[in-house]
Visitor: 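First the structure, which I've put down as structure tokens, then a few questions once you've had a look.
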Amino acid sequence: MVRSALAGRRGRTLLWISTLLVIFAFIATALVFLFYQLELAAARGAAMARLQPITALKLQEIDRWRKDRHRDAYLLSVGPLFAETYAQWLTTRDAVQTERIRANLLAANIDNDYTNIILLDAAENERFRLYPERAAPQCRGTNALVTNALATGEIQFGDIERCVEGSPPQLVIAAPLTVAHQEGAEQVGVLLLYVDVQNKFYPLLQEWPLQTSSAETLLVERDGGDVLFLNDVRHAADTALSLRIPLSHNTAVPAVSVVLGNAGSLEGLDYRGVAVLADSGVVDGSPWRIVSKMDLAEVIAPINRRWPLYVGLGTGITLLAGSLIGLLFFAQRHTMYRQLYTVEHERAAALVQYETLLKSAGDAILLTDAAGVILQANARADSIYGYGPEHWRQLRWIDLTTDSTAEAAKMVEATLDSTGSYESIHRRCDGTSLPVEVTVARIELDGQTRTQAIVRDTTQRKQVERVQAQLLDELRIKNEELESILYAASHDLRSPLVNIQGFSKWLQIATDELRLIFAETAIPESTRQRMAPLMDERIPTALRFIQSGSARMDTLIAGILRLSRLGRAEVIPTIVDMDRLVAAMTTTFSYQMERSGATIVVEPLPSCFADPNQLAQLFSNLLDNALKYRDTGRNLLVKISGERVGAAVVYQVADNGIGIPDNQRNKIWEIFHRVAPSGEIAGEGLGLAICRRIVERNHGRIWVESEAGAGSRFYVQLPASVVA
Amino acid sequence: MDSQLNGKRTPVSILITEDDDGHAALIEWQLREAGVDNPMMRFCNGQEVWNFLTRCGSGPMRSTEDAYLMLLDLRMPIMDGLEVLRNVKADPVLKTLPVIMLTTTDDPQEIEACYRLGCNVYITKPVAFAQFAEALRRLGLILTIVQAPVVAGAGG
């Protein structure tokens, strides 16, 4: 069971671990992806930051270029010398002037910015061409430019155009040539500058200050509903003035976006549909827009090239997490196995203990199911009930009982609190009855109710109890008998004594009477001599001994009587205030004390639990003894003290009297024992016997420590009162 | 010591109930010594005196004309003093009879039992002669003072 549970646990753990690993892998991937995205964003930002100045630079260059071109036109157009020379030349056709005009124009085209320069007259007819061998086609817009220039007197900047299919794109600037007269200005013609877009303008755009594989600058403008690409794009051939994208196509195309008025940075798709980063701007004073763009692929290429880093990072994090989990798992599994080992070990030990217990138990241990069928019985059950091990399976609890109804009731009552015990009479296999004490416990085993019964064979105990009760009874009877014998004996013993004493007294009276008669009467001398010793010595001596003997006998009997009476007296224990009791007692002794020069010291005494009257008698006897057996050579000092010792109180009565010789220490408690020789100190020899009897009847103890000639210390131990 | 009844003085008879002959003799001697000259009757146990008082049996019988006083020993064979006392005090006629318990023990329990049953005086028989004599002398004094009523009815 344990193994399968273990396997189950292991399976669950593996599932857990793999789930955790997957989760960690996800987290790691997400983290790496996030990192990658951040890198991309950073790269984009950096690329954009490079594109923006480039756009600005290009705008600046275009602007300067256009201004240069404008200046060229302006210098020729407004310069009075050239216009006047041209006006004169128109009429004269002077060769010198022709050359001067040519020189002027060549000077203007010193940088070969123009593919051609043409001069028109006011009627818009061509009159001079700088490079007659070169074609200078007049495009759609050119005539309008010329007309506008003549009409407004302003320099007209044309657009990039391609007039003839296959020819390079061109841009024409038309500048009016004005001659001032007294009566006003006169337009004498128009100067047409054919700008070399291909060689002098486009390279401006194409020049890229950075090493790049995809970046380019586009020049676009709106042409009707389209975006017209004015220059050749990098990634397609012959696009200048031929590539168009409808404005409706996609605003994500930067060229479209800028033409629609949204200049600035943008990420979108270029004319190829390739993702690009772009920045756009407007060329002042023209319909032109420029777009600086770079393929996103190029921007992110360096980051993508770092893929092993990301994969490594992700894998690393996952592996790290995995190994951490693994480590934890192994640590936990180690702990678990250790716990399992401990549990298993303890279980095994408990099992051994249990089996040993079952085997060696002094009581029968039975296990029954709810219906009372016996499921298990130990060896002791066999010996108690006399069944063989094979019998138990067929037995039910009621088969063991003698009164099954009563037994069932007892069992229900005992198991009210789940466990309890009761006494009953069971039946052995052979039918003999068996007094038992049953301890039952209701236990749940695998969801089923079982009753465990521990059955103790009380045959022996019952016998012992019976014998004990019998002995106690006998003892009590004997004690009572003894008391009554003692009482009756002492009672009856006194009766003859009354006679002995009474009649001896009468005898004495009679003898005295006789002696008187004897003295008065005349009696022969010989008779008188014979009677005199009888009358004067023998009879009085005999009477004296009879009387003293009977007096002694009376004392002894009275002693026995008192002792027996003490035995019969009821003990009424209560909490005794010993300070008060001893104080009252010492007061009654004060006269005797004073007379004998004795001092008594009483320390504060703990209270005890005893019969106060008997205690007064006890301490009175002890004090009496101290007085009786004082050392006449010194003043008597009695000290009464006490202390609590656990649940008891020990009082001490110490004196500096004659003490008790070692060989008498045990005899002093005996009845009629007297320390001093008879007659020396008056006493019944009963005081300490009574003391011991009192202490015993009050559940205490009395003992003595003494040194002959130095004094005695009597100790009285009694139950302490619960309070104090 | 007389009892006045019907204007006539009759001497009070002393009933000595004592199983011990010696004691009985000592009591009588001592009473006589103390000057008590009343008639005295001696009974050897409780049954005898009870028969006398209840006028049963074959012995002497109580006279309804006379006044009596009883000295009663406690410990006696056949019927002890305590039982006699109990019977006497339980009897509506006899309960006026003065009873003096005279015994060897000074056991407080027994003394109390006697007084509870209604004995009039309790005297311990002391062994010492002087004490005994003194006790009986006092008893004699009492007996000279006590006016014992005549016990009239049948009794028993």
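All chains are named by letter (A, B, ...) in the order of the sequence lines, taking the proteins before the strands, and each is independently numbered beginning at 1. Just so we're clear, the structure is a prediction, and the values are computed from it rather than from any experiment.
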Visitor: Closest heavy-atom contact between D20(B) and N499(A)?
Guide: OD1-ND2, 2.8 Å
Visitor: Would you please name every residue forming a ring-ring contact (aromatic ring centres under 6.0 Å, His included) with F52(B), sequence neighbours left out?
Guide: F43(B), Y68(B)
Visitor: Is it the case that more than 12 heavy atoms not belonging to R530(A) sit under 6.0 Å from its CZ atom?
Guide: no
Visitor: Do other residues, nucleotides or ligands put more than 12 heavy atoms under 6.0 Å from the CZ atom of R528(A)?
Guide: yes
Visitor: Mind listing the closest non-hydrogen atom pair of F503(A) and G22(B) along with its distance?
Guide: CZ-O, 3.3 Å
Visitor: Does D579(A) have any salt bridge (Lys or Arg N to Asp or Glu O under 4.0 Å) partners at least two apart in sequence or in another chain, and if so, which?
Guide: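 Testing D579(A) for salt bridge (Lys or Arg N to Asp or Glu O under 4.0 Å), a comparison that skips the adjacent residues, returns none.
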Visitor: Within a reach of under 6.0 Å around CZ of F545(A), are more than 12 heavy atoms found that belong to other residues, nucleotides or ligands?
Guide: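 Not more than 12 within 6.0 Å, no.
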Visitor: First locate atom CG of L26(B), then atom NZ of K505(A), and finally report the distance between them rounded to the nearest 0.5 Å.
Guide: 13.0 Å
Visitor: Please flag which part of E110(B) lies under 4.5 Å from any non-hydrogen atom of chain A: side chain, backbone, both or neither.
Guide: side chain
Visitor: Has H23(B) got a side-chain atom pairing as donor or acceptor with S495(A)'s backbone, closer than 3.5 angstrom?
Guide: yes
